[in-house]
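So you know, we letter chains A, B, ... as the sequences are listed, proteins then strands, and number each from 1. Note that this is a predicted model, so its numbers are computed, not measured.
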Amino acid sequence: MSILAFAAWLFYFNLLTLGKGLLMIPLIQGHLVEGAQVLTGDQLLMAVAIGQVTPGPGNIYVAAVGYLIYGLPGAVVALVAVVLPSFGALALTHGYQRLKTNRIAQGFFKGLTTTALGLIFYSALLLAREAITSGQALAVLILGFVLIQFVKVNPILSLLAASLFGLVLHFALG
Amino acid sequence: MDTESEPIGLVDLFRIFLLGGLTFGGGLAIITVLERELISKRRAIARQDFLTYYALARVVPTGTQTALAVSLGNHFAGFRGSVVAVAGLLTPVFVATVALTALFTYGVASGARELLPKTVLPAALALIVVGAVSMGRDLFGLKRETLLATTGFLAALLLHVPPGLVLVLGGVAGIFLFRGEARKEAKK
């Protein structure tokens, strides 16, 4: 896959998912991991992890995806691809009210984001098949889930704590 | 959008959005910094205008924070202002992302890299699962939403329909499924 084709895919993914980083995961997973096979599931998870421990907007983890495939040019191209649609805000200033009250646009976006939710579960299932290859990995996944979902620990701290737990398990169990 | 704005130069603009880009905690944390810098401290823009730009940024099919940077940058300094504001906002995250990815790719010893599948990777997967569960919590009590999300899941899993196509089809289905809600929203 050429770097331009990669940029075009990201531009399309970003537009389709309204720039929501989490919703982009199934698309990246489907087209770049399963389809073109230019990225592995583990690399995608690493990019998501990096996105969690960096400041600023959440969808810029795609720069890590670009870097992993093409190096620094890939990171720059990925950044540009997801930022470019933001300039549509200038054009929208005038048509805002019309879009806000447009029933077709409203229904389309609601349908799209609802469907994306099902796709995130699908993506998580495929990534789990690749990432959960041992009992230790499963324990880390469960701990991470419990910490964020039930104990309400900050995602960055949860990521670090669950990773540390995995490390301890590795050395304890050998 | 007429407002009595204090002139804000390109350097100020870069600095303010850089501060926003340095915050952890996602969109709301960034908005809080911008609100404090532009409205409370500098009184550079009316609150109503700020909120209108925010509402606009939410409509643009892309990240809300970058779209807000484009709008506010344009408000203060035209197109150059948009570019400078976006550059300020994204510099911290871009530099940090590239540095960490490079560290992972070249800096981490192969022994340490072998530990990743037992440490960071399953923990990152937990984040994705939690994200999906949190987003689903509001929707899964609702029949049409649950039906649409489940159909999308099954279409990808069993029929191997490409995710992009699933999303577009979901959007088209949404036009018909959520017609009533959109009508109510439009009346508001």
Given a strict heavy-atom distance threshold of 4.5 Å, which part of [X] is in contact with chain B: side chain, backbone, both, or neither?
X: A:N59; answer: side chain
X: A:L147; answer: neither
X: A:I60; answer: both
X: A:L72; answer: side chain
X: A:Y12; answer: side chain

Part of [X] lying under 4.5 Å from any heavy atom of chain A:
X: B:F79; answer: side chain
X: B:V95; answer: neither
X: B:L177; answer: neither
X: B:V86; answer: side chain
X: B:A156; answer: both

Looking at [atom1] of [X] and [atom2] of [Y], how far apart are the two atoms once the value is rounded to the nearest 0.5 Å?
X: B:I175; Y: A:K110; atom1: CD1; atom2: NZ; result: 14.0 Å
X: B:L121; Y: A:L127; atom1: CG; atom2: CG; result: 10.0 Å
X: B:F176; Y: A:I104; atom1: CZ; atom2: CD1; result: 8.5 Å
X: A:L112; Y: B:L167; atom1: CG; atom2: CG; result: 5.0 Å
X: A:F165; Y: B:K118; atom1: CZ; atom2: NZ; result: 13.5 Å
X: A:Y67; Y: B:L100; atom1: OH; atom2: CG; result: 11.0 Å

Tell me the closest heavy-atom pair linking [X] and [Y], and the distance in Å.
X: A:A124; Y: B:I128; result: CB-CG2, 4.3 Å
X: A:I132; Y: B:P122; result: CD1-CB, 3.9 Å
X: A:L79; Y: B:F94; result: CD2-CD1, 3.8 Å
X: B:T97; Y: A:A63; result: CG2-CB, 4.1 Å
X: B:L90; Y: A:V83; result: CD1-CG2, 3.1 Å
X: A:A64; Y: B:T101; result: CB-OG1, 3.4 Å

Any link between [X] and [Y] through a network of hydrophobic side chains (Ile, Leu, Val, Met, Phe, Trp, Tyr) touching at under 4.5 Å?
X: A:L173; Y: B:V120; result: yes
X: B:L125; Y: A:I142; result: yes
X: B:V11; Y: B:V84; result: no
X: A:L159; Y: A:V168; result: no
X: A:M24; Y: B:L165; result: yes

- request: Count the heavy-atom pairs under 4.5 Å between each of B:A173, B:A123, B:G152 and chain A, then report the option with the highest count.
  value: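 Ranked by contacts with chain A, first place is B:A123.
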- prompt: What option among B:G171, B:G174, B:P162 has the most heavy-atom pairs under 4.5 Å with chain A?
  reply: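 Greatest number of close heavy-atom pairs with chain A: B:G171.
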query: With a 4.5 Å heavy-atom cut-off, do B:V133 and A:Q149 have their side chains touching?
result: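 The answer is yes; the side chains approach within 4.5 Å.
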query: Are any of the side-chain heavy atoms of A:L68 and B:F104 separated by less than 4.5 Å?
result: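 Yes; the side chains approach each other to less than 4.5 Å.
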Top contributor to chain B contacts, counting heavy-atom pairs under 4.5 Å, from [options]:
options: A:G71, A:G144, A:A137; value: A:A137
options: A:T114, A:V82, A:V76, A:I120; value: A:T114
options: A:L119, A:L125, A:V48, A:L167; value: A:L119

task: May I ask you to list the residues in residues 30-37 of chain A that approach chain B closer than 4.5 angstrom, counting heavy atoms only, ordered by number?
output: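 The stretch touches chain B at A:G30, A:H31.
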query: Any side-chain donor-acceptor pair under 3.5 Å between A:S86 and B:T66?
result: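 Yes, side-chain donor-acceptor contact under 3.5 Å.
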